[in-house]
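Each remark here refers to the structure printed beneath this line.
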Amino acid sequence: MEKILVIGCSGQIGSELTLELRKIHGDSSVIATDIRPPPVEIAESGPFESLDVLDEAKLQLIVEHENITQIYHLAAILSGNAEKRPLSSWEINMRSLMNVLELAREVKLKKLFWPSSIAVFGPTTPRMNTPQYTVMEPNTVYGISKLAGERWIEYYYQKFGVDTRSLRYPGLISFKTEPGGGTTDYAVEIFYDAIKKKKYKSFLSSESALPMMFMPDAIKATIDVMEADSSRLSLRSSYNVAGMSFTPHMLAEQIKRYIPDFEIKYKPDFRQAIADSWPNSIDDSVAQKDWGLTSDYDLPRMSEVMIREITKKMG
Ligand code: NAD
Ligand code: AKB
């Protein structure tokens, strides 16, 4: 019987992953936590505790009191916001991970999921079909914290036997909860503005290609890597994963299939430099081979669902 703790349940991923975990393990077996209030569906379907992950004592209390066996640690400050507040973002991203890793070691947690990002790559990384193993010299606070985090989770696996599992998520696209301050956020914002105003001003240039994944594929990959038999995981840093790759121009063309008079303008801001330092596309063959990564959504299929669901949501 698993008892699962989700840290960061109110965010873009947590708001969907928590509900999926509750479907699998039962509502009362998944304790949702965040520093912010939870979405209604999470509050109504099972337990929620307010938790600042930097509060080690409270974290320990919940884990011990609830006999937690698995943690999904999702709380972090994303790339765009982290560039605005470098030191406090480093503190949140790194100290939270160290708190969780130490606790996992002490209580002999069964499994820990912590997400990394394509932000671990930098301007010296080969940008096309970026391999699992390559040059990694990130030049953003967020990317440096993710690369350091990857090294730490592998270290805790090797030195202390903590069963750490991780994915290098690309930009995630979803319609339930809006993204939390990253560089790939444009690919969600564009749908809301297209439906509401028939126009969008992109903060990335028209030809900025980035790897992306639709949320249902990301949730499936997360659960698959956590359920995979340990013997199948050839690495304990983090797996490259990506469902698709596209530019703002390509996405706008898809949206025009549904909203023909949609207009896009380009006004790149500070996030352009971040996007320019990240891969255009990702080679995720190691994840495919080790634990069978698959993805169901390409750009046209994802766009169709986004238009339909956001139109419904906005009444
Ligand atoms: P998000 O910003 O939407 O959600 C993060 C959540 O963490 C928020 O609800 C926030 O309130 C919470 N949080 C922040 N500080 C906290 C603290 N001190 N204590 C407790 N909770 C705190 O982020 P997300 O998109 O859901 O991302 C989740 C994880 O996945 C992060 O580690 C992120 O780096 C990683 N990731 C996300 C993407 C993406 O495109 N969404 C891509 C790559 C990696
Ligand atoms: C961001 O843009 O910061 C995130 C990520 C790719 O890690 N979406």
Side-chain angles (χ1 to χ4, degrees), residues 5-18 32-39 42 48-56 58-59 62 71-85 88-97 99-100 112-121 130 138 140-150 153 166-174 176-189 203-204 208 210-215 217-219 221-222 238-243 245 270-275 277-279 282:
L5 183 71
V6 178
I7 303 171
C9 73
S10 308
Q12 191 192 7
I13 302 173
S15 58
E16 300 203 33
L17 182 60
T18 304
T33 70
D34 201 292
I35 202 167
R36 291 191 290 167
I42 289 184
F48 170 80
E49 290 263 3
S50 176
L51 172 72
D52 179 345
V53 66
L54 299 182
D55 182 346
E56 285 163 68
K58 184 158 185 195
L59 176 64
I62 298 174
I71 297 180
Y72 288 75
H73 170 28
L74 308 174
I77 306 301
L78 276 74
S79 58
N81 284 346
E83 289 307 294
K84 294 180 199 155
R85 294 181 293 276
S88 64
S89 301
W90 175 262
E91 167 80 355
I92 292 170
N93 292 0
M94 293 315 298
R95 192 147 74 78
S96 67
L97 177 60
N99 283 352
V100 171
L112 166 63
F113 180 80
W114 170 84
S116 184
S117 160
I118 53 163
V120 291
F121 301 115
T130 302
T140 61
V141 173
Y142 176 69
I144 299 168
S145 76
K146 289 296 186 191
L147 181 55
E150 286 193 10
I153 60 169
S166 178
L167 304 178
R168 286 176 187 152
Y169 291 132
L172 298 184
I173 298 165
S174 66
K176 288 203 173 145
T177 304
E178 287 176 48
T183 302
T184 57
D185 293 16
Y186 91 85
V188 176
E189 281 174 14
F203 60 76
L204 296 186
S208 277
L210 287 169
M212 301 277 185
M213 200 177 218
F214 197 33
M215 192 60 86
D217 283 336
I219 300 286
T222 306
S238 190
Y239 282 96
N240 275 10
V241 294
S245 175
F270 72 100
R271 288 166 284 191
Q272 184 64 51
I274 302 178
S277 76
W278 288 355
I282 291 281

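Both ligands and their constituent atoms are indexed starting at 1 by order of listing. FYI, the numbering just counts along the sequence from 1.
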* **N/O separation below 3.5 Å, Glu178 to ligand 1** => no
* **atom 11 (O) of ligand 1: the protein heavy-atom neighbour that sits closest, reported with distance to 0.1 Å** => Asp34 OD1, 2.6 Å
* Can you tell me how far the CD atom of Glu16 sits from the CD1 atom of Ile219, to the nearest 0.5 Å? -> 5.5 Å
* **N or O pair under 3.5 Å between His73 and ligand 1** => no
* Would you please determine whether Ala119 falls within less than 4.0 Å of ligand 1 on a heavy-atom basis? => no
* Asked: So, is Tyr142 polar-close to ligand 1, with some N/O to N/O distance under 3.5 Å?
  -> yes
* **Sub-4.0 Å atoms of ligand 1 with respect to non-hydrogen atoms of Val53** => 17 (C), 18 (N), 19 (N), 20 (C)
* Using the ring of each side chain (for Trp, its six-membered ring), is Phe113 parallel, tilted or perpendicular to Tyr169, with breaks at 30° and 60°? -> tilted
* ligand 1 to Tyr169 polar contact by distance, N or O atoms, under 3.5 Å -> no
* Structure fact -> Looking only at non-hydrogen atoms, the one of Leu172, Asn81, Ile7, Leu74 nearest atom 5 (C) of ligand 1 is Leu74
Present, as a list of atom pairs with distances to 0.1 Å, all nitrogen or oxygen contacts under 3.5 Å between ligand 2 and the protein.
unit_1, atom_1, unit_2, atom_2, d
ligand 2, 2 (O), Ser79, OG, 3.3
ligand 2, 2 (O), Thr183, N, 2.6
ligand 2, 2 (O), Thr184, N, 3.1
ligand 2, 2 (O), Thr184, OG1, 3.4
ligand 2, 3 (O), Ser79, N, 3.1
ligand 2, 3 (O), Ser79, OG, 2.5
ligand 2, 7 (O), Ser117, OG, 2.7
ligand 2, 7 (O), Tyr142, OH, 2.7
ligand 2, 8 (N), Thr184, OG1, 2.8

* If hydrogens are left out, which of Ala75, Gly8, Ser10 has an atom nearest to atom 13 (N) of ligand 1, that is, the closest non-hydrogen atom? -> Ala75
* Check each of Ser117, Pro170, Gly171, Gly14 against atom 42 (C) of ligand 1 and report the one with the nearest heavy atom. => Pro170
* Minimum non-hydrogen distance to atom 44 (C) of ligand 1, winning option of Pro115, Ala76, Ser116 -> Ser116
* To do: Provide, to 0.1 Å, the distance between atom 26 (O) of ligand 1 and the closest protein heavy atom, together with that atom's residue and name.
  => Ile13 N, 2.9 Å
* To do: List the closest protein heavy-atom neighbour of atom 4 (O) of ligand 1: residue, atom name, distance to the nearest 0.1 Å.
  => Gly11 CA, 3.2 Å
* Which heavy atom of the protein is the closest neighbour of atom 41 (N) of ligand 1, given with residue, atom name and distance? -> Gln12 OE1, 2.9 Å
Side-chain donor-acceptor pairs under 3.5 Å in residues 74-84, sequence neighbours left out?
unit_1, atom_1, unit_2, atom_2, d
Ser79, OG, Thr183, N, 3.1
Ser79, OG, Thr183, OG1, 2.8
Asn81, ND2, Gly180, O, 3.3
Glu83, OE2, Val141, N, 2.8

